[in-house]
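Presented below is the structure to which this report refers.
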Number of protein chains: 2
Amino acid sequence: MKDDMKDEDVEHVAALLKTMSHPIRMRILCLLQDKELTVGDLRSEVKTSNANVSQHLTILRNKQIIASRKEANYIYNRIADKRILELISTMKNLFCPAK
Amino acid sequence: MKDDMKDEDVEHVAALLKTMSHPIRMRILCLLQDKELTVGDLRSEVKTSNANVSQHLTILRNKQIIASRKEANYIYNRIADKRILELISTMKNLFCPAK
DNA sequence: ATGACATTAAATTAAATACTTAAATGCCAG
DNA sequence: CTGGCATTTAAGTATTTAATTTAATGTCAT
């Protein structure tokens with residue numbers, strides 16, 4: 001019996017994946033892998049509006065996937081959970097072999 | 001520069017996560033980790049209708065996440081991609097520590 | 001062929017998501 | 001305190017997704 005994941009865990013993991021499963025959010029998370037970035041920084045890497053980037057960051061922040069730090073009139077965003085870094089790293093290894 | 005994931009890869013991974021991000025589909029994948037199961041088998045583990053389980057299996061099959069084998073009047077489903085197994089395993093380790 | 005069971009398909013309804021635009025907030029410099 | 005920049009919020013619309021119900025398909029056993 002290897003399937004020992006509780007209903008609660010299944011729900012939690014599914015919700016996490018759902019939050020990560022949007023291309024823009026996925027891209028944002030990749031960009032945040034090794035540094036802090038502002039909305040403006042991200043905006044220049046992701047083809048959409050500032051408002052839209054901000055909305056996606058809010059979604060990620062609400063799920064505790066990222067955290068933010070305010071400095072002057074910039075807000076720096078970073079990945080808040082090391083497990084997310086591991087997960088992204090694993091997915092890169094599995095699905096982006098020829099990098 | 002560590003962010004070397006191409007747009008195409010981001011799209012692909014996001015789509016994969018999206019497909020896996022439904023609680024019922026996540027549960028199904030966990031149940032299929034080490035064995036083949038039919039719609040009926042799965043139905044008894046997941047609280048929903050046969051038709052609904054079948055629909056979720058179709059979604060997973062269309063994305064090549066699972067494959068099916070017909071024998072008599074049963075259809076046995078299994079995980080088609082070893083990378084999915086690795087991914088599930090990683091997520092279990094990361095997010096279900098107290099198992 | 002007929003009946004029973006497993007699975008799929010179609011259609012409907014309800015609900016959640018995403019993006020755009022425009023207005024609002026917060027902060028600093030001068 | 002006023003103007004400008006960075007960011008967030010709100011409103012509105014369009015799209016996607018999910019579940020239920022019901023009908024259809026296919027296969028085996030008799």
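Because only heavy atoms are used, hydrogens play no part in the values below, and waters and symmetry mates are left out as well, while side chains stay in. None of these values were measured; they are calculated from a predicted model. Naming: A, B, ... by sequence-line order, numbering from 1 per chain.
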How many Å lie between [atom1] on [X] and [atom2] on [N], as a whole number?
{"X": "B:Asn73", "N": "D:dA29", "atom1": "CG", "atom2": "P", "result": "8 Å"}
{"X": "B:Ile59", "N": "D:dA19", "atom1": "CD1", "atom2": "P", "result": "9 Å"}
{"X": "A:Leu60", "N": "C:dT17", "atom1": "CG", "atom2": "P", "result": "14 Å"}
{"X": "A:Leu37", "N": "D:dA6", "atom1": "CG", "atom2": "P", "result": "15 Å"}
{"X": "A:His56", "N": "D:dT9", "atom1": "NE2", "atom2": "C1'", "result": "15 Å"}
{"X": "A:Ile75", "N": "D:dT9", "atom1": "CD1", "atom2": "C1'", "result": "13 Å"}
{"X": "B:Leu42", "N": "C:dA6", "atom1": "CG", "atom2": "C1'", "result": "13 Å"}
{"X": "B:Met26", "N": "D:dA18", "atom1": "CE", "atom2": "C1'", "result": "19 Å"}

### Query
Which nucleotide in the set D:dT20, C:dG26, D:dC28 lies at the smallest distance from any side-chain heavy atom of B:Ala72?
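Nucleotide nearest to B:Ala72's side chain: D:dC28.
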### Query
Which of these nucleotides, D:dT7, C:dG26, C:dC19, is closest to any side-chain atom of A:Ile24?
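So the nucleotide nearest the side chain must be C:dC19.
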### Query
Is a side-chain donor or acceptor of A:Arg25 paired with a backbone partner of A:Thr19 at a separation under 3.5 angstrom?
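Answer holds: yes.
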Any side-chain N or O of [X] below 4.0 angstrom from OP1/OP2 of [N]?
{"X": "B:Lys18", "N": "D:dT17", "result": "yes"}
{"X": "B:Ser54", "N": "C:dA9", "result": "no"}
{"X": "A:Arg43", "N": "D:dA6", "result": "no"}

### Message
If you go through the side-chain atoms of A:Gln55, does one of them form a donor-acceptor pair with the base of C:dT20 closer than 3.5 Å?
### Response
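Side chain to base: pair present.
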### Task
Describe, in one word, how the ring planes of A:Phe95 and B:His12 are oriented to each other, choosing from parallel (under 30°), tilted (30 to 60°) and perpendicular (over 60°).
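Perpendicular.
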